Amino acid sequence: SILNDFTRTVHILYMPYTDSAAGIGYSKAVAKEKSLLPPVSNCVWAARKGRSKVTKEFRKTVRLLPQQKGTYVDVPFEVEPGVRSLTMRVEYPMVFPKCVVQPALYGPNGLRGCCAVQKTGCTVSAEFASPGFQAAPIEPGRWRVALSVAAMQEETEVSVCIAMEPEAPAWYKADLHLHSCHSDGGYTAQETVELCRDAGLDIIALTDHNSVTQNVFCKTEEGLLRMPGYEWTTRLGHANFIGVEKPVRDFASPTVEDAKRILREAHDNGALVVLNHPGDRLGGWKVGTDDIPFDAYEIWNGPWRDTNDQSLALWQEMLAQGRRIPAVGGSDTHRVIAATKHGHPCNHLYVRRFAMDAVLEAIRAGHCYLTRTPGDGPVELRVNEAMMGDTAAEAPRYELHFEACGLSCGDEILLISEQGLVRKWTASVSCERRTLEVPPAFFYRLEVRRPSLRGGQPIVITNPVYLAGSR
């Protein structure tokens, strides 16, 4: 993960080396990168590549003296607008009880948290924070690390490093349909979180049946964005309400009109509404889709089976009618059994920044494709300059480009419009790329199917790219 990469980088950086002329503390490792070390600055900016982002690092070394015991020494630094997360680490030769420094982190709006004796670092962001620190947006302006000198028997160098990861659009992996022991799942919420992390997921929603107790949680899972979820479960069908801790007052809906009222209540309260496994025989959707508010349609639920074929057919029918409805998937994992596991299927979301509001925005926009496992892909589909979920501007010529990776020889790549199958290719290499001119249509989308799986099951389904002027 990005944060683990940063941690490894920090261990390299923390070999104090002082430029006495400039008063800058930095490592011999980064001292070679002359372009990254402004000679007249009080800080050092180092760059590293993460999820197609560059993280900036502020570093300063201060000397603490025995007579400063019992005082606070501030190390100020500036944060520019557009920072996603901030990681603080303090390095010094701690010898308890002879040499002890306890750092605290302050933002423009006050204290974000402080470290106990054995802790010397933290990460904070809008969506998660290290235990003992507050999760909140990273405000631009003057920040500071306050070094509380608890014990100091001799002059000691203390290095403070701040890594600032900027907001930037990126692809993230998500499971939007999960259960825990807060309803009928086989794992605690924390066990579910760990299993999702092990599966390589970045974003999850625990959607326990008619329950909100799973939505009371601390934002302490570094690198994992956990969203509130709720699976509204009735005899008329199931729907996920995502992004709001308590989306409805009551789940009971004895009539279709009651069901429509509850959907409107959840939607009005700001929840993302997903109609779940609509093709299922027992839990399928029985309220219709014409006069209800919903944001997405779950076409892929758990391991692929014939009821998913039905859900996919219903979605294709609505698209062919001219409706723009984003598709999502969900593992619906209650416990790991055979092919049922966290992140299978996986939503790949193109998110402008790693925050819940941006994730919900991406789902509503259809900036998403689905894969059988988190390890499948990546996949790209665009028409002219428009990506999945977007609309290509009206033009005299439409050029469609796709790239699908992680394929096996013999996989079938299907190009589909409102008319049905347009073209089919058979993969001969692990990464297939095609660019072709296509006629005007309402939309184009891709499926990749694997004949070696029973019934030629899909391993990839994309959301459509729409074309302006075709409807």
Side-chain angles (χ1 to χ4, degrees), residues 52 168-174 295-297 299-300 311-329 345-352 358-372 376-407 411-449 458-471:
S52 64
W171 287 97
Y172 294 94
K173 299 176 183 181
D295 301 288
Y297 207 63
I299 64 169
W300 196 335
S311 296
L312 178 60
L314 291 169
W315 180 57
Q316 171 69 17
E317 181 181 342
M318 289 190 289
L319 293 174
Q321 293 169 354
R323 301 180 68 178
R324 300 189 179 204
I325 298 173
V328 297
C346 179
N347 300 273
H348 298 253
L349 302 172
Y350 187 71
V351 180
R352 60 184 175 84
V359 170
L360 301 181
E361 175 187 284
I363 297 169
R364 291 186 176 106
H367 294 165
C368 172
Y369 65 90
L370 317 179
T371 61
R372 183 169 172 261
D376 291 326
V379 174
E380 179 188 6
L381 171 66
R382 68 174 187 267
V383 176
N384 293 351
E385 298 303 315
M387 69 173 296
M388 288 170 270
D390 288 346
T391 302
E394 193 167 354
R397 181 172 179 268
Y398 295 105
E399 186 175 85
L400 181 144
H401 173 80
F402 75 80
E403 180 173 336
C405 297
L407 305 181
D411 285 351
E412 296 177 343
I413 304 167
L414 312 179
L415 179 62
I416 298 168
S417 75
E418 69 272 23
Q419 301 299 324
L421 180 64
V422 177
R423 287 192 65 174
K424 181 169 76 170
W425 299 268
T426 299
S428 58
V429 293
S430 62
C431 192
E432 290 281 356
R433 301 176 181 87
R434 294 283 191 281
T435 299
L436 62 151
E437 186 172 348
V438 293
F442 176 53
F443 71 85
Y444 287 100
R445 65 179 184 86
L446 280 185
E447 292 181 17
V448 179
R449 290 183 173 261
I459 60 169
V460 174
I461 300 177
T462 75
N463 267 285
V465 181
Y466 302 95
L467 280 65
S470 300
R471 274 294 167 98

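Here the structure is a predicted model, which means the values were calculated and not measured.
Counting heavy-atom neighbours within 6.0 Å of E437 CD, excluding the residue itself, gives a total above 12. Under a cut-off of 6.0 angstrom, the local environment of CZ in R445 is crowded, with over 12 non-hydrogen atoms contributed by other residues, nucleotides or ligands.
The side-chain heavy atoms of P345 and R372, taken from C-beta on, include no pair separated by under 4.5 Å. Inter-residue side-chain proximity for Y172 and V359 is flagged as unmet; no heavy-atom pair is nearer than 4.5 Å. In this structure the side chain of L436 reaches within 4.5 angstrom of the side chain of R423, judged on heavy atoms. E380 is not listed as a side-chain neighbour of Y369, based on a closest heavy-atom distance of 4.5 Å or more. Under the 4.5 Å side-chain criterion, counting only non-hydrogen atoms from C-beta, L415 is in contact with L400. Contact of the F402 side chain with the Y444 side chain is not registered, since no non-hydrogen atoms from C-beta on lie closer than 4.5 Å. By the 4.5 Å heavy-atom criterion applied to side chains, V448 and D376 are not counted as neighbours. Within the 4.5 Å cutoff, no side-chain heavy atoms of V438 are placed close to those of V422.
Residues W171 and H348 come closest through the heavy atom pair CZ3-O, 3.3 Å. In this structure, G366 and P326 approach most closely via the heavy-atom pair CA-CB, 3.9 Å. Between W300 and L370, the closest heavy-atom pair is CE3-CB, 3.9 Å. The nearest pair of heavy atoms linking Y466 to L319 is OH-CD2, 3.6 Å. Across all their heavy atoms, V351 and A358 have their closest contact at CG1-CB, 3.7 Å. Heavy-atom minimum distance, E447 versus I461: CG-CG1, 4.2 Å.
Although no hydrogens or angles enter the test, the distance criterion places a donor-acceptor pair under 3.5 Å between the side chain of Q316 and the main chain of S417. In this structure a side-chain-to-backbone donor-acceptor pair under 3.5 Å is missing from N384 to Y398. The backbone N or O of H367 sits nowhere less than 3.5 Å from a side-chain atom of N463 that would complete a donor-acceptor pair. Under the 3.5 Å distance criterion, the side-chain polar atoms of E394 are left unmatched by any main-chain donor or acceptor of G469. Distance alone, capped at 3.5 Å, places no donor-acceptor pair between the D295 side chain and the R364 backbone.
A distance of 6.5 Å separates CD of E432 from CG of L407, quoted to the nearest 0.5 Å. The line from CD1 of I459 to CD of E412 is 11.0 Å long, rounded to the nearest 0.5 Å. Atom CE of residue M388 and atom CG of residue L349 lie 10.5 Å apart, to the nearest 0.5 angstrom. Going from atom CE of M387 over to atom CZ of R382 covers 11.0 Å, rounded to the nearest 0.5 Å. Note that CG of L381 is 9.0 Å distant from NE2 of H401, once rounded to the nearest 0.5 Å. With rounding to the nearest 0.5 angstrom, the NZ atom of K173 is 12.0 Å from the CG atom of N347.
When the side-chain hydrogen bond (donor to acceptor under 3.5 Å, both in side chains) test is applied to R324, the partners found at least two apart in sequence or on another chain are T391.
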Run R434 and W425 through side chain to side chain contact (heavy atoms under 4.5 Å, CB included) and show every step you take.
CA-CA 10 Å; R434 294 283 191 281; W425 299 268; 3.3 Å; yes
